[in-house]
Novice: 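Shown below is the structure under consideration.
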Amino acid sequence: MPDHDLREFYLRYLAELNAHRFDRMDEFIDDRTTLNGEPATRDDLLAVQRADVDAVPDLHWELKELLFDGDRLAARLVNTGTPVREWLGVAPTGASFEIVEFAVYQVRDGRFVHMTALHDAGELLRQLTSATT
């Protein structure tokens, strides 16, 4: 896929993700993929995304940078939200979070076949628990 097609593909993916339209993810995620280096199915990945949005209904990803290298792309995003259910072992306190995420993807035949994401879990937990300490 040329860079401009990868950009358009990723922006469409992000729009569907932010709209929490997980039923549309078969357009973007291969049936079998890897998630953070571990084999996974699309359903495995969607179960994680649905659980996150169930706990954080306003979960949002804002793209800050997008880079391309052949069939791979890397994104720097800012994730925001306010948990309303226990999430990551933390009871909801009304606290919101804003953290940076770095994600790397590989696209083959028009869908993600490798997905890796990294964020500062310590900072996320600090923000979520700061109202309780």
Side-chain angles (χ1 to χ4, degrees):
M1 241 188 232
D3 290 357
H4 65 280
D5 291 346
L6 276 174
R7 173 178 283 287
E8 190 271 333
F9 169 80
Y10 191 74
L11 293 176
R12 283 188 300 113
Y13 165 72
L14 202 56
E16 297 296 338
L17 189 61
N18 279 323
H20 305 154
R21 288 191 286 258
F22 302 113
D23 59 326
R24 307 275 312 267
M25 289 296 133
D26 60 334
E27 178 183 344
F28 303 99
I29 303 169
D30 201 67
D31 298 337
R32 297 215 172 271
T33 185
T34 60
L35 177 59
N36 297 323
E38 297 295 323
T41 66
R42 181 185 322 114
D43 289 340
D44 295 334
L45 185 99
L46 294 178
V48 170
Q49 291 177 335
R50 284 185 174 109
D52 288 345
V53 168
D54 185 50
V56 188
D58 63 344
L59 187 56
H60 182 81
W61 295 262
E62 180 182 350
L63 181 63
K64 295 297 188 177
E65 287 183 88
L66 188 59
L67 303 170
F68 307 96
D69 182 19
D71 63 351
R72 297 181 184 269
L73 50 99
R76 182 175 63 88
L77 306 118
V78 172
N79 303 349
T80 57
T82 306
V84 298
R85 290 187 169 79
E86 184 174 306
W87 189 53
L88 305 174
V90 178
T93 63
S96 297
F97 64 87
E98 180 177 307
I99 59 165
V100 173
E101 175 183 344
F102 294 97
V104 178
Y105 308 86
Q106 183 178 18
V107 177
R108 187 176 304 130
D109 298 325
R111 295 195 289 181
F112 296 126
V113 293
H114 298 289
M115 304 173 80
T116 300
L118 176 68
H119 61 267
D120 187 343
E123 177 60 17
L124 175 64
L125 292 174
R126 185 195 67 73
Q127 290 179 32
L128 293 180
T129 59
S130 66
T132 62
T133 56

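We count residues from 1, following the sequence as given.
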Novice: Is there a chain of hydrophobic side chains (I, L, V, M, F, W, Y, each step under 4.5 Å between heavy atoms) that links Tyr105 to Leu11?
Specialist: yes
Novice: Taking a hydrophobic cluster as the set of Ile, Leu, Val, Met, Phe, Trp and Tyr residues connected by side-chain heavy atoms closer than 4.5 Å, whether directly or through intermediates, do Leu125 and Leu118 fall within one such cluster?
Specialist: no
Novice: Within this structure, what is the NE2-CG distance for the pair His60 and Leu77, rounded to the nearest 0.5 Å?
Specialist: 9.5 Å
Novice: Answer whether the closest heavy-atom distance between the side chains of Val113 and Asp71 falls below 4.5 Å.
Specialist: no
Novice: Should Gln49 and Leu45 count as side-chain neighbours, where that means a heavy-atom distance under 4.5 Å?
Specialist: yes
Novice: Let me check something: do Leu46 and Met115 share a hydrophobic cluster, defined by ILVMFWY side-chain heavy atoms less than 4.5 Å apart, either directly or through other members?
Specialist: yes
Novice: Might you work through the salt bridge (Lys or Arg N to Asp or Glu O under 4.0 Å) test for Arg12 and Glu8, ending with a clear yes or no?
Specialist: CA-CA 6 Å; Arg12 283 188 300 113; Glu8 190 271 333; 2.6 Å; yes
Novice: With the side chain counted from C-beta on, respond yes when Arg42 and Arg111 share a heavy-atom pair under 4.5 Å apart, and no when they do not.
Specialist: yes
Novice: Can you measure from CG (Leu59) to CG (Asn18) and round to the nearest 0.5 angstrom?
Specialist: 8.0 Å
Novice: So which heavy atom on Leu6 is nearest to which on Arg72, and how close?
Specialist: CD1-O, 4.5 Å
Novice: Could you tell me the separation between the CZ atom of Arg76 and the CG atom of Leu66, rounded to the nearest 0.5 Å?
Specialist: 11.5 Å
Novice: Between Ile29 and Phe22, is the side chain to side chain contact (heavy atoms under 4.5 Å, CB included) condition met? List the steps.
Specialist: CA-CA 11 Å; Ile29 303 169; Phe22 302 113; over 6 Å; no
Novice: For Arg24, does the CZ atom have more than 12 heavy-atom neighbours from other residues, nucleotides or ligands under 6.0 Å away?
Specialist: no
Novice: Quick check for you: to the nearest 0.5 Å, what is the distance between Glu16 atom CD and Arg21 atom CZ?
Specialist: 4.0 Å
Novice: Looking at every non-hydrogen atom in both residues, tell me the closest pair between Pro92 and Glu86 and how far apart they are.
Specialist: CD-N, 3.6 Å
Novice: Could you give the distance from CD1 (Ile99) to CG (Asp120), rounded to the nearest 0.5 Å?
Specialist: 7.5 Å
Novice: Quick check: closest heavy atoms across Val56 and Gly81, and the distance to 0.1 Å?
Specialist: CG1-CA, 3.7 Å
Novice: Do the rings of Tyr13 and Phe112 sit parallel, tilted or perpendicular, given the 30° and 60° boundaries?
Specialist: perpendicular
Novice: Please report the C-alpha distance between Arg108 and Asp30 in whole Å, then the side-chain angles of each, then the deciding distance to 0.1 Å, and finally whether the salt bridge (Lys or Arg N to Asp or Glu O under 4.0 Å) criterion is met.
Specialist: CA-CA 8 Å; Arg108 187 176 304 130; Asp30 201 67; over 6 Å; no
Novice: Is any side-chain heavy atom of Trp87 less than 4.5 Å from a side-chain heavy atom of Leu124?
Specialist: yes
Novice: Do Pro83 and Val90 have side-chain heavy atoms sitting under 4.5 Å apart?
Specialist: no
Novice: Return the CG to CZ distance between Asp52 and Arg50, rounded to the nearest 0.5 Å.
Specialist: 12.0 Å
Novice: Heavy atoms, side chains only, cut-off 4.5 Å: are Tyr10 and Phe68 in contact?
Specialist: no
Novice: For Thr34 and His114, does a side-chain donor sit closer than 3.5 Å to a side-chain acceptor?
Specialist: yes
Novice: Is Met25 reachable from Leu73 through a run of I, L, V, M, F, W or Y residues, each pair having side-chain heavy atoms under 4.5 Å apart?
Specialist: yes
Novice: Where do Asn36 and Ala117 come nearest, in terms of heavy atoms and distance?
Specialist: OD1-N, 2.8 Å
Novice: According to a 4.5 Å side-chain heavy-atom criterion applied to Ile, Leu, Val, Met, Phe, Trp and Tyr, with indirect links allowed, do Phe97 and Leu88 form part of one hydrophobic cluster?
Specialist: yes
Novice: Given the rule in the side chain to side chain contact (heavy atoms under 4.5 Å, CB included) test, do Trp61 and Thr80 qualify, once you have shown the distances and angles that lead to the verdict?
Specialist: CA-CA 7 Å; Trp61 295 262; Thr80 57; over 6 Å; no
Novice: Can you see which heavy atom on Glu123 is nearest to which on Arg126, and at what distance?
Specialist: OE2-NH2, 2.7 Å
Novice: Here's a test for you: under side-chain hydrogen bond (donor to acceptor under 3.5 Å, both in side chains), which of His119, Glu62, Glu98, Glu101 qualifies with Asn79?
Specialist: Glu101
Novice: If I compare all heavy atoms of Pro57 with all of His20, which pair ends up nearest, and what's the gap?
Specialist: O-CE1, 3.0 Å
